[in-house]
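For clarity, every value in this text was computed on a predicted model and none was experimentally measured. Letters A, B, ... are given to chains in the order of the sequence lines, protein chains preceding strands, and every chain is numbered from 1. These numbers come from the heavy atoms of this one structure, side chains and all, not from hydrogens, waters or symmetry mates.
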Amino acid sequence: MTGYSLCGWKVASAFPLPDLAAWTGDDRPADIVVRLDEVPKLCDPVNETPLMQIGADGVCRFEIAGVAAYRVDAAGQEITVAPAVEAGVPDIRVFLLGTVFAIVCFRRGLVPLHASCVRIGSKAVAFSGNSGAGKSTMAATFLKRGFTILADDVTVVDPGASGGALLWPAFPRLKLWRDVMDGFGLSLEGLERARAELEKFHLPIENAFSAEPSPLSTVYHLAEARDPRHEEFRPLTGIEAFLATKHAVYRHRLGRFILGEEGVFALASKTAAAVSSVRLTRLLSLTRADELVDEIVRREV
Amino acid sequence: MTEQSNSLPSPGKWKLSAESEIVRNTGIIFTKVGDETVLMSVQTGKYYGLDDIGTDVWSRLEAPIRIGALCAALAGAYDGAPEDISRDVLALLDKLVDNGLIEVRA
């Protein structure tokens with residue numbers, strides 16, 4: 001089995017996971033094992049949706065027809081994959097590193113945020129927003145300016161770390177939409193399509209990727225301004241900070257399904273308490289991206 | 001206190017007096033976020049926010065306390081006329097009761 005690094009966990013996988021960085025730490029036993037085996041339906045689920053089942057023992061089963069079925073044990077330590085297609089097909093990894101990874105985070109008390117993340121000085125700064133809100137663009141702009149990218153699309157936070165929230169890097173890849181890439185003049189050739197029907201591409205960023213955790217100082221919740229006069233940085237406190245953070249939890253409905261409403265409240269409120277929350281309303285246009293980077297850096301140092 | 005929504009029917013006005021004993025509802029979970037507090041009703045799934053003063057009041061409601069004693073303690077902690085403070089505290093407690101965040105024991 002090959003060893004990979006994911007959020008500080010050592011992952012041993014029965015099949016290659018080129019989206020992850022290779023494990024370079026000690027030779028301890030794997031924290032998470034990915035096996036290939038059959039994943040039968042749970043006979044007596046306590047909760048069920050068309051795609052997901054959860055058993056009384058906490059085992060989750062998740063299936064995407066025509067791609068794979070996945071099983072995650074209650075501790076988030078063992079992942080079993082039953083591919084419906086050959087194991088090398090990228091779609092299998094898309095769901096493994098999306099939904100299945102989110103299940104593992106929830107099971108291990110980490111909070112996956114739908115956010116990209118960059119390092120500014122010794123601190124990590126995250127940009128959250130819905131799909132298309134500009135998370136990847138923000139990260140790519142920082143990358144172009146020589147900053148290190150810590151996470152793209154999903155930022156994993158340990159809100160309970162002593163000394164404040166910690167950001168754990170997940171994937172050394174950027175997902176970029178075609179128009180963003182065209183805007184940056186990066187070549188699409190040679191990049192693997194993330195999912196066949198999505199116009200989104202994986203851009204490897206290994207040289208600038210860091211596998212070490214960083215203290216997470218601020219989550220910028222991205223919003224769009226139609227007019228430059230409406231651009232602003234607005235600090236969020238209390239319930240506003242909580243609601244923005246809860247909204248930023250990646251797959252929060254899944255979190256509720258697995259941990260219950262109370263579990264999601266606990267994770268989101270702990271995270272809101274441990275970081276600064278700022279609503280960043282700005283134009284989506286790339287032309288002012290550099291000014292925005294300057295302003296964020298100025299606020300963080 | 002700010003509410004996420006106002007969909008809950010009011011359970012009816014309680015007659016709060018200085019003699020009333022109040023305590024946090026055990027079905028409420030909460031976390032301090034900065035100087036403020038966010039709360040969730042486990043029963044309804046609704047969220048609530050308390051500002052810094054509301055957070056101070058909430059911190060004094062862990063064990064049952066008579067409203068008179070609560071107002072006296074707050075009058076000692078804040079500037080302002082005791083009757084103004086009592087009126088503000090009663091207005092807040094009224095909202096907390098209406099939304100099931102605290103219970104009136106007597």
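For the pair B:Tyr47/A:Lys246, a side-chain contact is recorded, criterion being any heavy-atom separation below 4.5 Å from C-beta on.
Distance CD1/A:Ile239 to CE/B:Met40: 11.5 Å, rounded to 0.5 Å.
Interface residues of residues 259-271 of chain A toward chain B, defined by a heavy-atom distance below 4.5 Å and sorted by number: A:Glu261, A:Glu262, A:Phe265, A:Ser269, A:Lys270. Using a 4.5 Å cut-off between non-hydrogen atoms, no part of residues 51-66 of chain B approaches chain A.
Of the listed residues (B:Val38, B:Val42, B:Leu39), the greatest number of heavy-atom pairs within a distance under 4.5 Å of chain A belongs to B:Val38.
Surrounding CG of B:Asp35 are at most 12 heavy atoms belonging to other residues, nucleotides or ligands under 6.0 Å away.
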